[in-house]
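Comments concern the structure below.
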Amino acid sequence: MRLYNTRTHSIESFAPLQDNTVRMYSCGPTVYNHAHIGNLSSYIYADTLRRTLKAIGYQVKHVMNFTDVDDKTIRDSHMKYPDDEPMVALTKFTAHYERVFLDEMAQVGNSVDDVTFVKATDNIADIQQLIRKLLEQGDAYVADDGIYFSISEYRKTRQYGQLSHIDFNAADRQRINNDEYDKDHAHDFALWKAQKEGEPAWDFTLPDGSNMPGRPGWHIECSVMSVKNLSQPFDIHTGGVDLIFPHHENEIAQSTAGNQPAEYSNFFVHNEHLLVNGAKMSKSAHNFYTLPDLVERSFSPLDFRLLVLQSHYRSATNFSWETLEAAKNRRRHWCNVAELRHQVSDNPSEEQIDKVSQLVEQAQDAMENDLDTPNALKYFDEAFDLFKPEQTDLGALDMLLTAIDQLLGLKLIETTPDIAPEDYELIDERQQARHAKDWAKSDQLRNELAKRGIQIKDGPTPIWSRA
RNA sequence: GGCGCCUUGGCGGAGCAGUUACGCAGCGGUCUGCAAAACCGCGUAGGUGGGUGCAACUCCCACAGGUGCCUCCA
C-alpha cells in the first residue's frame, strides 16, 4: 500500500520489513480521565490502518501503551485517594481509566482484541535497563532531580530533529525556560524523574551503585515497550501530529543512540487533529468533548466513527453537532439497507454481485492509497444504491456489509439484528387492518411498533427499520 | 521570532490542468389512506491579485485570513 511517511516527508510504498508481518506501535493514552474525542479519532485512524493492512493479507502485530504514571496520574490519584499509599492510589486510579478507555475504544468500533496493550508500570525494569545503557554510553547524565538524555552528545554522531524539521542550531527557541530543571541544556529531556515528597516511586540502582528512587519519563517508556514487543526496527509508529515533536523525536534519539540499530521505526504515520470551532481540541484548553457527551445527545459512537472516516487522516477536520448529525444520517441510511437482509427474499443477480465486488475492490484500493477513507466511502455509497427491496441479491448485500465492517469497523451487521417474532406479528396485524382500511387500528399499531423502536414504511410490501 | 499546513457550494469533504466526486441539508417527483423510508431528478463551488498554459479549482508568485508545532498534548 501507499502510505505517507513523516520520516521521509513523502508518500512511499509500504511493505513489512520482515516476512508478512507488520509490526505497529501506537502511542496510547495517559489514563487519568476520559479520552476526548480527538484522542479517539487518532485511535480510529490507527485501527483503520490496521484493518487495511490485514485486508491486504498481512499479519499485524499492533501494540499500544498506557501511560499509567506521570504528573497528572500522580496528581489526580492523590486527589481521588488521599488516604492511600501513593502507589496504591495510583494503581487504583489508573486501572479505572484503563477500563474506561478500553470500553470507549470498543464503543467507537476499534477492535481492542487485535491490539496488545502494555503499561509503563509493568515495564520498569526494562526501562531502567535502557537508561543504564544510555548512561554507560555517555548519552545520558545524572542530575539532582533525575536522569537526562544529552542531546548534544547524541548530535555528535546522529541527527536530531529529522521528523520535525526543527533547526536546533537556530537561536530562536524563545520559549525555553530552564530555570526549574537541573538540565545541562534546555533541550535535554528527562529519562527518569527522581521521587518527590508523596510520589510513588521505584528503586533504581545506578551504574555507580547508588539508588535513585523515582519514575520513568514519558518518552522512554515508548522506546522500551515498542522495541520489547516488536523488536527494532519495527514497521509503523502512529500518533497524532502533536507527538512528532518532542515525543517521537525523543523516542528515535533514545533508541538509536550509541551503537543501537540505526533506525527505530521504518514508517511514522501521523494523523491531523480533530478541531472544535476551528481550533485544536485539548484538555488544557477545556474545549473538548468526550464520548459520553455524544451519547448524551443520543448519537451513537459509531456515528462519530463515520464522522472521523469522512475526512482524510492527514486533514484536520472540524467537529460540530451539525457534522455529527450528517454522519448519523449517512450511517442510518446504510443501516436501513443492511436491514433489508432480514425482510426481502433473495433475488439472485449476477450483475449485482459483479458490481458490488467491483466497488468493494475500488474501496479497498482507495484505502490502500494512503488510507483514503473519503473515497472509500464514496464507493460504498454507490454500492448501497444498488439495493432495493424488490431487487436484492442477499449474497451481494452480505459481501458489501462484510467488507465495510472489516475495512471500516462500522459494525453494520452487528448493529442491525433481526426484529423479534412478536414484532413481525404486529406488522402482520397492521397489514390486515390496512387491507380492511381500518386506519385507526393501523395507526395505533404503527405507534405500538414505534414504541418498540421500529419504524414501518409502507411500500408494495412493508419495510421496517430501527428508528 | 523560527518551521509548517490550510482556504472548494448552506454544512462536511475528495480527486483532477479541459469531462457528475461523494455525503448531509434543501427543492421537485415516484410510491402512499396518512406518514416515513427508499428510489429518481434539480440547484448552489473553488479567499484576493497577478503569472504560465490553447485551457487553472487544479501549476508558480504575492497578499489576506485561519491554523499547527517550537519540551502538557492524539
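No hydrogens, no waters, no symmetry mates; every other heavy atom, side chains included, goes into these values. Numbers restart at 1 for each chain; the letters A, B, ... are given by sequence-line order, proteins then strands.
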Would you please classify the geometry between the [Y] ring and the [X] ring as parallel, tilted or perpendicular, with 30° and 60° separating the classes?
X	Y	result
Y264(A)	H237(A)	tilted
W464(A)	Y424(A)	perpendicular
F101(A)	F117(A)	perpendicular

(message) Within the 3.5 Å criterion, strictly below it, is a donor on S442(A) or R430(A) matched to an acceptor on the partner's side chain?
(response)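 Their side chains do contain a donor-acceptor pair, which is all the 3.5 Å distance test asks for.
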If you check the [X] side chain, which of [options] turns out closest?
X	options	result
N329(A)	C72(B), A36(B), C24(B)	C24(B)
H333(A)	C24(B), A35(B), A37(B)	C24(B)
K280(A)	C72(B), C34(B), G68(B)	G68(B)

Quick one: does [X] reach the base of [N] with a side-chain donor-acceptor pair under 3.5 Å?
X	N	answer
D242(A)	G68(B)	no
R446(A)	A35(B)	yes
D458(A)	C34(B)	yes

Inter-nucleotide [atom1] distance ([N], [M]), Å rounded:
N	M	atom1	value
A25(B)	U20(B)	P	24 Å
C42(B)	C16(B)	C1'	25 Å
U44(B)	C27(B)	C1'	12 Å
G43(B)	G28(B)	C1'	11 Å
C57(B)	C40(B)	C1'	30 Å
G13(B)	C22(B)	C1'	8 Å
A45(B)	A14(B)	C1'	13 Å
U32(B)	G15(B)	C1'	40 Å

(request) Starting from the 5' end of RNA chain B, give me the residue, N39(A) or D443(A), whose nearest nucleotide shows up first. (result)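 The 5'-side residue here is D443(A).
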(request) Tell me which of S164(A) and L275(A) sits closer to the 5' end of RNA chain B, going by the nucleotide each one is nearest to. (result)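 This one resolves to S164(A).
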Sugar-phosphate, base or nothing in reach of [X], heavy atoms under 4.0 Å:
X	answer
I463(A)	nothing
G239(A)	sugar-phosphate
L274(A)	base
N271(A)	base
I456(A)	base

(message) Please classify G9(B) as syn or anti, treating any glycosidic angle within 90° of 0 as syn.
(response)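 In terms of base orientation relative to the sugar, G9(B) is anti.
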(message) Minimum heavy-atom separation for D68(A) and T94(A), please, with both atom names.
(response)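 Reported closest heavy-atom pair: O-CG2, 3.5 Å.
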(request) Please examine the side chains of D47(A) and S111(A), heavy atoms only from C-beta on, and report whether any two atoms are closer than 4.5 Å. (result)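 Answer yes - side chains close enough.
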(message) Can you confirm whether Y379(A) sits close enough to Q364(A) that some side-chain heavy atom of one is under 4.5 Å from a side-chain heavy atom of the other?
(response)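 Not touching, per the 4.5 Å side-chain cut-off.
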(message) Does R314(A) qualify as a cation-pi partner of Y4(A), given the criterion of NZ or CZ under 6.0 Å from the six-membered ring centre and within 45 degrees of its axis?
(response)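 Pair R314(A)/Y4(A) counts as cation-pi.
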(request) Check whether NZ of the Lys or CZ of the Arg K119(A) lies under 6.0 Å from the centre of the six-membered ring of F66(A) and within 45 degrees of that ring's axis. (result)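 The answer is no, since K119(A) fails at least one limit relative to F66(A).
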(request) Figure out the CZ/C1' separation between F380(A) and G23(B), and round it to whole Å. (result)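 Taking atom C1' of G23(B) as the reference, CZ of F380(A) is at 15 Å.
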(request) Summarise protein proximity over nucleotides 9-22 of chain B in one line of letters, 5' to 3': B for base, S for sugar-phosphate only, - for none, counting protein heavy atoms closer than 4.0 Å. (result) --SSSS------BS
(request) Treat a base pair as Watson-Crick or G-U wobble with both distances under 3.5 Å, then lay out RNA chain B in dot-bracket form, 5' to 3', with | for cross-strand pairs. (result) (((((((..(((.....[...))).(((((.......)))))....(((((..]....))))))))))))....
(message) If we ignore hydrogens and angles and just use 3.5 Å, is the side chain of T416(A) paired with the main-chain N or O of L412(A) as donor and acceptor?
(response)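 It does hold such a pair.
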(message) Checking the side chain of Q107(A) only, and the main-chain atoms of P301(A) only, is there a donor and an acceptor separated by less than 3.5 Å?
(response)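 Flag not set: sc Q107(A) to bb P301(A) has no pair under 3.5 Å.
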